[in-house]
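These numbers come from a predicted model, not from an experiment. Protein chains get the first letters and strands the later ones, always in sequence-line order, with residue 1 at the start of each.
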Amino acid sequence: MNRSLPFEIFRYAAILLALAVTLIPTLWMASMAFKPIAEWSAAGADLTWWPKSPTLDNFRFIFGTSTSDLIVALDRTAGKPILASLLSAVFGTLIAMTAGTAGAYGLSRFGSGQNLPLALIQLRLFPPMAVMIPVMIMWAFFGLVDTWWGLALIYGIVTLPFAFWLMKTFFDDMPREIEDAALVEGCSRLRVFMKITLPMMRPALASSALFVFILNWSDYLIALLLTTREWVTIPVYMASLSSSMTGQLYGAKAALGLIAAVPPVIMGIAIQKHLVRGLTFGALKQ
Amino acid sequence: MSMLATEEKISVTGDLSTTGTRIEDGGRRLGLMLTLPAQLLVLFIAVFPLLMQLYISLTDWSPLDGIGWWQAYELWNNFANYTDLAVDSRFWDALGRTALVMLICVPAEFLLGLGLAILFMDNFAGKRVFYSIMLIPMMVVPAVAGYMFFMLFQSGGPVNDIISTLIGRPFALAWLSSPGTALIAVMIADIWQWTPLMFLILLAGLVGVPEDQMRAATLLGASWSQRFRTIVMPKMKTIIIIALSIRVIENFKIFDTLYIMTGGGPGVATETISVYIYKVTQQDLIWGYVAAIALVILIALSILVSLAISRMNAAKEA
């Protein structure tokens, strides 16, 4: 559009500044994760931007294989919370994608469930905090509190709007000629859906599932309310990583934060083509 | 229903005129079957819980009372929760604070995102890599982002270190423990995390602006700002509304980053509506009252949204 030299200089300067602001918080945490306790910079100590003597002690500490220089030993390691996060996010994604894909196909091809698009948007609109009281009561009633399957169920419902809307736009975009041809061949509609449509939609299904997984993996509030001890997820566990003796366990928290942050960032970059579609409920496509 | 159904009928009868109706019926049955799980989940999470919420909100019920929620009528309190809420200054303060955060964060994210999107409109060396990096903040788990900013804003932390270097003398502000700056720090974290979303959506819109129109306007001598106002902005109107709506809705829920950074404190200095409800739920345990707050917010939001949608429809028809 505008190719003058001053503009190009301004553009690179502005973008480099933006990149610096974007990266510094993440890099600071990454650097903190590899710092020994002496470099955590409590009050008075000099600030270390880059670990002077990098160490894996923080990672060993949260997995319980080393107490490094800390006097405290953890009463529980990060293993179980990571498992809790994984199980609840994976099965939550499975629930959302199954119900969402089936529902989206039913609406896109047969016009069933005309109420769903709006109902699901409304579900997304409300702050989770404003509907948690009944959920907490119901989950307690069904014995789902502090279980990964209880979390998976609520995650599946909370992210259903995204799975449904994403798959609906993919089905709407898909040409129907192949399906019609199979129908002429005498396939039942269910068979066409299972054997022809779904395999053709594999890339769309994968992108949507990754998108939904990122959302489930990112939750903090719901896990905070619905888990207490056995199946706390990574963010809830992370908040418990401070003790009166050592104060904030900066390095340990940073190590855990890094473990939690890396998978969604990689997945998000892998599906960046579909991010706009997902975030705007299919209203916009790239 | 009608539009999709007729489309289906036309294509089907066109192909197989003799068996068309049978397949149409089969399709409808399959459609109902396929949408059933989603319908059940919506019912399970929307209808019954809302009725339960309404019922409990009329009582003093708390999970510590030792009676089941269905017996809450024994604690009926003549709408006291709602009259209490009207004079609950902590609630109204939290609501005001939430609005303040929204009024600062969303426009800041929009302007920064738009500026960056304009810079990314045409090709330049390194664009793809820069673009991917720019998206990182919104992929970071919000609770982890909260912890990142918690570390950054410590008085011996990097933010103060950078400021010290810039102004050339020691600077040691305890950002998160003084009321005024805690709210600023929380808003900076939100802007850091969600500007990329604005950038992503607005850039998708800008790239969709037809190139030939732009070229024609350039040939006719339109300046850059003229082209922007007369060609780009009209095309962008819907996209801007979508982007702003998404951020307004999500920003209203603000909890994760904020709660990790400050826990709503110091005092109540960063207590937004979600944090306030969380505290009443977990610490005071008066769930009847929480249910009342939640319902009031749900109803207010529903009214606002239906107003917004009807205004948008009116604007579309005009």
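Counting heavy atoms from C-beta on, the side chains of B:Pro196 and B:Met138 come closer than 4.5 Å. Side-chain atoms of B:Tyr131 and A:Ile15, non-hydrogen and from C-beta on, never get closer than 4.5 Å to each other.
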Side chain to side chain contact (heavy atoms under 4.5 Å, CB included) for A:Phe211 and A:His274? Distances and angles first, verdict last.
CA-CA 9 Å; A:Phe211 186 85; A:His274 299 300; over 6 Å; no

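Between the side chain of B:Trp61 and the backbone N or O of B:Trp287, no donor-acceptor pair lies under 3.5 Å. Between the side chain of A:Lys35 and the main chain of A:Gly251, no donor-acceptor pair closer than 3.5 Å is present. For B:Ser57 (side chain) and B:Leu295 (main-chain N/O), no donor-acceptor pair under 3.5 Å exists by modelled atom type. B:Asn160 contributes a side-chain N or O that, together with a main-chain N or O of B:Ser155, makes up a donor-acceptor pair within less than 3.5 Å. For B:Tyr55 (side chain) and B:Trp70 (main-chain N/O), a donor-acceptor pair under 3.5 Å exists by modelled atom type. With hydrogens and angles ignored, the 3.5 Å screen pairs no side-chain donor or acceptor of B:Thr195 with any backbone N or O of B:Leu112. Between the side chain of B:Gln53 and the backbone N or O of A:Ala130, at least one donor-acceptor pair lies under 3.5 Å.
Residue B:Phe44 touches chain A through both its backbone and its side chain, counting heavy-atom pairs closer than 4.5 Å. Contact of A:Phe164 with chain B is not made at all, since no heavy-atom distance falls under 4.5 Å. Of the two parts of B:Ala125, the backbone and the side chain both hold a non-hydrogen atom closer than 4.5 Å to a non-hydrogen atom of chain A. Residue A:Ile266 does not touch chain B at all, counting heavy-atom pairs closer than 4.5 Å. Using a 4.5 Å cut-off between heavy atoms, A:Ile234 makes no contact with chain B at all. Proximity to chain A is limited to the side chain of B:Ile242, based on heavy atoms less than 4.5 angstrom apart. Contact annotation for A:Ala260: both backbone and side-chain heavy atoms come within less than 4.5 Å of a heavy atom of chain B. Contacts between B:Leu116 and chain A at a heavy-atom distance below 4.5 Å involve the side chain alone, from C-beta outward. If you measure heavy-atom distances from B:Gln154 to chain A, the contacts under 4.5 Å come from the side chain alone. Interface residue A:Leu160: only side-chain heavy atoms are found under 4.5 Å from chain B. Heavy-atom distances place the side chain of B:Val305, and not its backbone, under 4.5 Å from chain A. Interface residue A:Met29: backbone and side-chain heavy atoms are both found under 4.5 Å from chain B. Heavy atoms closer than 4.5 Å to chain A are found in the side chain of B:Ile260, but not in its backbone. When heavy atoms are compared at a cutoff of 4.5 Å, B:Leu40 does not approach chain A at all. Contacts between B:Trp69 and chain A at a heavy-atom distance below 4.5 Å involve the side chain alone, from C-beta outward. Of the atoms belonging to B:Leu51, not a single heavy atom falls under 4.5 Å from chain A. Residue B:Phe130 touches chain A through both its backbone and its side chain, counting heavy-atom pairs closer than 4.5 Å. In this structure, chain B has no heavy atom under 4.5 Å from any part of A:Leu256. Contact annotation for A:Ile154: only side-chain heavy atoms (C-beta onward) come within less than 4.5 Å of a heavy atom of chain B. Heavy atoms of B:Ile277 lying under 4.5 Å from chain A belong to its backbone as well as its side chain. If you measure heavy-atom distances from A:Val265 to chain B, the contacts under 4.5 Å come from both the backbone and the side chain. Residue contact with chain B, scored on non-hydrogen atoms closer than 4.5 Å, is absent for A:Phe281.
Contacts with chain A were tallied for B:Ile201, B:Ile254, B:Ile273, B:Ile297; B:Ile201 has the most, counting heavy-atom pairs under 4.5 Å. Your options are B:Trp192, B:Phe120, B:Phe255, B:Phe252, and the one with the most heavy-atom pairs under 4.5 Å with chain A is B:Trp192. Interface remark: of the candidates A:Ile95, A:Asn115, A:Val236, A:Leu153, A:Asn115 forms the most heavy-atom pairs closer than 4.5 Å to chain B. Among A:Val158, A:Leu224, A:Ile24, A:Val21, the residue making the largest number of heavy-atom pairs under 4.5 Å with chain B is A:Leu224. For chain B, the option among A:Thr98, A:Leu279, A:Asp219, A:Ile214 with the highest count of heavy-atom pairs below 4.5 Å is A:Leu279. Contact count versus chain B (heavy atoms, under 4.5 Å) is highest, among A:Phe10, A:Phe141, A:Tyr12, for A:Tyr12. Chosen from B:Met134, B:Glu250, B:Gln39, B:Arg215, the residue pairing most often with chain A at heavy-atom distances under 4.5 Å is B:Gln39. Of the listed residues B:Ala38, B:Ala172, B:Pro37, the one with more heavy-atom pairs under 4.5 angstrom with chain A than any other is B:Ala38. Ranked by heavy-atom pairs shorter than 4.5 Å toward chain A, the options B:Gly146, B:Ala291, B:Pro49 are led by B:Pro49. In terms of non-hydrogen atom pairs under 4.5 Å with chain A, the most contact-rich of B:Ile133, B:Val140, B:Ile56 is B:Ile133. Interface remark: of the candidates A:Ile269, A:Leu125, A:Val131, A:Leu125 forms the most heavy-atom pairs closer than 4.5 Å to chain B.
Taking the six-membered ring where the residue is Trp, A:Tyr105 and A:Phe110 present perpendicular rings, their angle passing 60° and hence far from 30°. In this structure, B:Tyr259 and B:Tyr278 have perpendicular ring planes: the angle between them is above 60°, well past the 30° mark.
A salt bridge is absent between A:Arg176 and A:Glu179: the closest approach of a Lys/Arg side-chain nitrogen to an acidic carboxylate oxygen does not fall below 4.0 angstrom. Between A:Glu185 and A:Arg191 there is no salt bridge, since no side-chain N of the basic residue sits under 4.0 Å from a carboxylate O of the acidic one. Using a 4.0 Å cut-off between charged nitrogen and carboxylate oxygen, A:Arg109 and A:Asp172 do not count as a salt-bridge pair.
For the side-chain hydrogen bond (donor to acceptor under 3.5 Å, both in side chains) test, residues two or more places apart in sequence or in another chain that qualify with A:Thr159 are A:Asn216.
Of all heavy-atom pairs spanning A:Val192 and A:Ala182, the tightest one is CG2-CB, 4.0 Å.
Between the side chains of A:Gln272 and B:Ser132, at least one donor N or O lies within less than 3.5 Å of an accepting N or O.
Annotation: cation-pi pair B:Lys253/B:Trp194 absent, no NZ/CZ under 6.0 Å from the ring centroid and within 45° of its normal.
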